[in-house]
Number of protein chains: 2
Amino acid sequence: MGLTKSEMFTEEQNRMALIAKAFGHPARVAILQHLFKLNSCVCGDLVNEIGLAQPTISQHLKELKTLGIIKGNIEGTSVCYCINQDEWQSIKQLFIQFFEQETIEKGNCC
Amino acid sequence: MGLTKSEMFTEEQNRMALIAKAFGHPARVAILQHLFKLNSCVCGDLVNEIGLAQPTISQHLKELKTLGIIKGNIEGTSVCYCINQDEWQSIKQLFIQFFEQETIEKGNCC
DNA sequence: TTTATTTATTGCAATATTACGATTAAGTAT
DNA sequence: ATACTTAATCGTAATATTGCAATAAATAAA
C-alpha cells in the first residue's frame, strides 16, 4: 500500500531507514558532496552544479534540512546551506555501528 | 514525475543512492540485523520475527538479493539467506568513504 | 499419489517520491 | 516605487514503493 509500518520496528531501525532514505537519491548525495567540497553554498550554485530545476533542488534541500543533516542561513537574497557537523557525526556513528556488525560464526551455509 | 534522472549523476553517486535506498526501509534494516545475528536464516523465521506478511518479506529479500547484499541457498523446502560478506565489505568501504568527507575550512557561515 | 510445508510470483490498491512550471515571498538595487 | 535576484511554495503529472490476498511452484512426508 506504499505505507511503511514503522510501528513494528525499533526506533534505531526506523532512524537508520529514515537517514538512509535521505541518502537514497543521487541528487541528495551530490548535494552533500558539493556542500562538503565548498563548505558553504547557496542554492543557486547547486542548481548549476547539478542539472535539476530550482524547485527540485529546493525540495531536496528541504528534505535534508528537515532531517537535520544540513543547516541553512539566510544571507541577503541567497541562502547559505552547509553540513550540520554535529548531526553528521551522529549519523556517521549510527552507520559505522551498523556496518561493523560481524557474523560470529563463519561456517556459513551460503 | 517520480523518475530519478540517474544519467546526470556520477556512477559513484548512483551506486551510493541505490544501496542507501535498500537500507531505506526499516524492514530491510531489520532483516539484515537478523541475518547478522543468526548468520543464517530461512524466510519463515523472518516472517515470525518481523511482523509483515510472507509475500512482503519475500519481496524485501528479493530486493536485497538483487543488489547482491545477501545470498540465498535452497535447502530442501526452505531457503537459507545470509549476508554476502564480500559485498558487505565493499559497501562498508563506500559508506565509510562517504562519511569521512570532512570540511577543509572550519570557518563555516552556519 | 496425496498432503503438508515453504517460498516465489501475480495482481492490485494505497501511499510516497520525483520533477517541474507557475507563482509567491523577501530582499537588493536603481 | 519599480525592477531585479534568489529561494520557497503550490499544484500537478508521472513513476515508484509498500503491503497483502490469492495463487503457483517446488520439495518433503505420508
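For the numbers below, each heavy atom of this structure counts, side chains included, while hydrogens, waters and symmetry mates do not. These numbers were taken from a predicted model, which means no experiment stands behind them. In the text below, chain A, chain B and the rest are named by the order of the sequence lines, each starting its count at 1.
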- Item | Protein-nucleotide distance (B:I50, atom CD1; D:dC20, atom P), rounded to Å | 12 Å
- Message: What is the separation between atom NE2 on A:H60 and atom C1' on C:dC20, rounded to the nearest whole Å?
- Response: 11 Å
- Item | For atom CD of A:E75 and atom C1' of C:dA26, their distance in whole Å | 15 Å
- Expected string for nucleotides 1-10 of chain D under the B/S/- scheme (protein heavy atoms, under 4.0 Å, primed atoms plus P, OP1, OP2 as sugar-phosphate) is ----BSBBB-
- Task: Could you tell me the separation between the CG atom of A:L3 and the C1' atom of C:dC12, rounded to a whole number of Å?
- Result: 16 Å
- Please identify each residue that fulfils side-chain contact (heavy atoms from CB on, under 4.5 Å) with B:E7, with sequence neighbours left out. B:K5
- On DNA chain C, check which nucleotide each of A:I74 and A:G51 is closest to and give me the residue with the more 5' one. A:G51
- Task: Could you tell me whether a side-chain N or O of B:N84 sits under 3.5 Å from a main-chain N or O of B:G68, the two making a donor and an acceptor?
- Result: yes
- Query: NA contact type, A:L52, heavy-atom cut-off 4.0 Å: base, sugar-phosphate, or nothing?
  - Reply: sugar-phosphate
- Task: Would you mind reading off the distance between A:K5 atom NZ and C:dA16 atom C1', rounded to a whole angstrom?
- Result: 16 Å
Review item, side-chain donor-acceptor pairs of residues 48-57 of chain B, under 3.5 Å, at least two apart:
none

- Task: Let me know the distance between CG of B:L64 and C1' of D:dT17, rounded to the nearest Å.
- Result: 14 Å
- Of B:W88, B:F98, B:F99, the residue whose pairing with A:F99 passes ring pair (Phe, Tyr, Trp, His ring centres under 6.0 Å): B:W88
- Should we say atom CD of B:Q89 is surrounded by more than 12 heavy atoms from elsewhere, each under 6.0 Å from it? yes
- Task: Return the residues of residues 11-24 of chain A meeting this criterion: a heavy atom under 4.0 Å from some atom of DNA chain C. Order them by number, or give none.
- Result: A:K21
Let me have the donor-acceptor pairs involving side chains of residues 8-20 of chain A, under 3.5 Å, with sequence neighbours excluded, atom names and distances please.
from  : atom 1 : to    : atom 2 : distance (Å)
A:T10 : OG1    : A:Q13 : N      : 3.0
A:T10 : OG1    : A:Q13 : OE1    : 3.3
A:Q13 : OE1    : A:T10 : N      : 3.0
A:Q13 : NE2    : B:Q33 : OE1    : 2.7
A:N14 : ND2    : A:S6  : O      : 3.0
A:N14 : ND2    : A:T10 : O      : 3.3
A:R15 : NH2    : A:S90 : OG     : 3.0

- Message: Any non-hydrogen side-chain atom of B:L32 less than 4.5 Å from a side-chain atom of B:F23?
- Response: yes
- Query: Between A:H25 and C:dA19, does any side-chain N or O lie under 4.0 Å from OP1 or OP2?
  - Reply: yes
- Taking only residues two or more places apart in sequence or in another chain, which ones pass side chain to side chain donor-acceptor pair (under 3.5 Å) with A:T4? B:H25
- salt bridge (charged side-chain N to carboxylate O under 4.0 Å, His left out) contacts touching residues 53-68 of chain A (sequence neighbours left out): A:R28-A:E63
